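It should be emphasised that the depicted structure is a prediction, and the values quoted were computed from it without experimental measurement. Chain naming here is simple, since letters A, B, ... match the order of the sequence lines and numbering starts at 1 in each.
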2 protein chains.
Amino acid sequence: MVVSMDTTFNVDHVFAALADATRRDIVLRALDGSEGVVELAGHFQMSFAAVQKHVAVLERAGLISKERSGRRKVVRTNMEALRLARGLLDEYESLWRGRIDRMTDLITLSKETEA
Amino acid sequence: MVVSMDTTFNVDHVFAALADATRRDIVLRALDGSEGVVELAGHFQMSFAAVQKHVAVLERAGLISKERSGRRKVVRTNMEALRLARGLLDEYESLWRGRIDRMTDLITLSKETEA
DNA sequence: CATGGATACAACCATATGGTTGTATCCGAG
DNA sequence: CTCGGATACAACCATATGGTTGTATCCATG
């Protein structure tokens, strides 16, 4: 499934990007778009380049973007993308819930049969 | 972050498990727990063993489980885990939204400054 | 316009992932 | 108890990921 937006973005990439604690933390920290990659890297144990790579993954997923600010490039969470990602999860969730709902009685029945 | 449940489950694993279209499809198909791995595999192009591996990933993430049913082992989506996963996403979303909300005026201000 | 801080990128390594084929085990049906 | 269908697992391969260090580029500042 592909959700259209500024930069078309990929469900696989979004979930994959979120499947790492460091990256989820970066998304949080970048919400106010006040830090460059150096500052971000300061919060973690790993090397600067490693953080750069994580940032690249998030960027590829469309979850963050970088913009020049004076001498630095500031990392900012893409709120639009975040909302879209969220909507995406909602879609799946409702799909799932839909099926779950349609199934509830069957399950309840079978549970009672088991007992 | 670790959410306690029947089998303690890992955010990284959950997101990673969802970062693949085949696996998301399996989660859907396994909601009614009517198919074994062979039947599931029938829906995809890849080999049986490949599907088995995907199932294993989902199982490790706690999103599905297998239970014997006669000669077969039936794959069933773990609804509890699904709801927990969903709750997890909600948690993140509210965290994010919280920050976003607290930030809205600042952003609006800066936007106006830009204009 | 030269310097240096910030960023980018390349090469390298270890491990994980996603796929294959092949073989082994398990267990209900007959 | 044997047979065969369903499942499991091992070995292998290609590629991706997450980390490292080192080098190159970029550009605002002084």
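Between E67(B) and K73(B) there is no salt bridge, since none of the side-chain N atoms of the basic residue sits less than 4.0 Å from a carboxylate O of the acidic one.
Here the side chains of V14(A) and N10(A) are not in contact, with every heavy-atom distance at 4.5 Å or above. Proximity of V55(B) to K66(B): side-chain heavy atoms (C-beta onward) are separated by under 4.5 Å at one or more points. Residues H13(B) and R60(B) form a side-chain contact, since some pair of their non-hydrogen atoms from C-beta on lies under 4.5 Å apart. A 4.5 Å side-chain heavy-atom check between V57(B) and Q52(B) finds every atom pair outside the cut-off.
Sequence order on DNA chain D of the closest nucleotides to K73(B) and A16(A) puts K73(B) first from the 5' end. Comparing A19(A) and G70(A) by the nucleotide of DNA chain D whose heavy atom lies nearest to each, the residue mapping closer to the 5' end is A19(A).
Within residues 39-52 of chain A, the residues having any heavy atom closer than 4.0 Å to DNA chain D are, in order of number, M46(A), S47(A), A49(A), A50(A).
Panel note: side chain S47(A), backbone A50(A); a donor-acceptor pair is recorded below 3.5 Å.
Under the side-chain hydrogen bond (donor to acceptor under 3.5 Å, both in side chains) criterion, E35(B) pairs with H43(B), sequence neighbours left out.
Bracketed by its first and final contacts, the part of DNA chain D lying under 4.0 Å from non-hydrogen atoms of chain A reaches from dT17(D) to dT29(D) in 5' to 3' order.
Within 4.0 Å of R72(A), counting heavy atoms only, lie sugar-phosphate atoms of the nucleic acid but no base atom.
Exactly one of I26(A), D25(A), T22(A) qualifies for a side chain to side chain contact (heavy atoms under 4.5 Å, CB included) with L40(A). That residue is I26(A).
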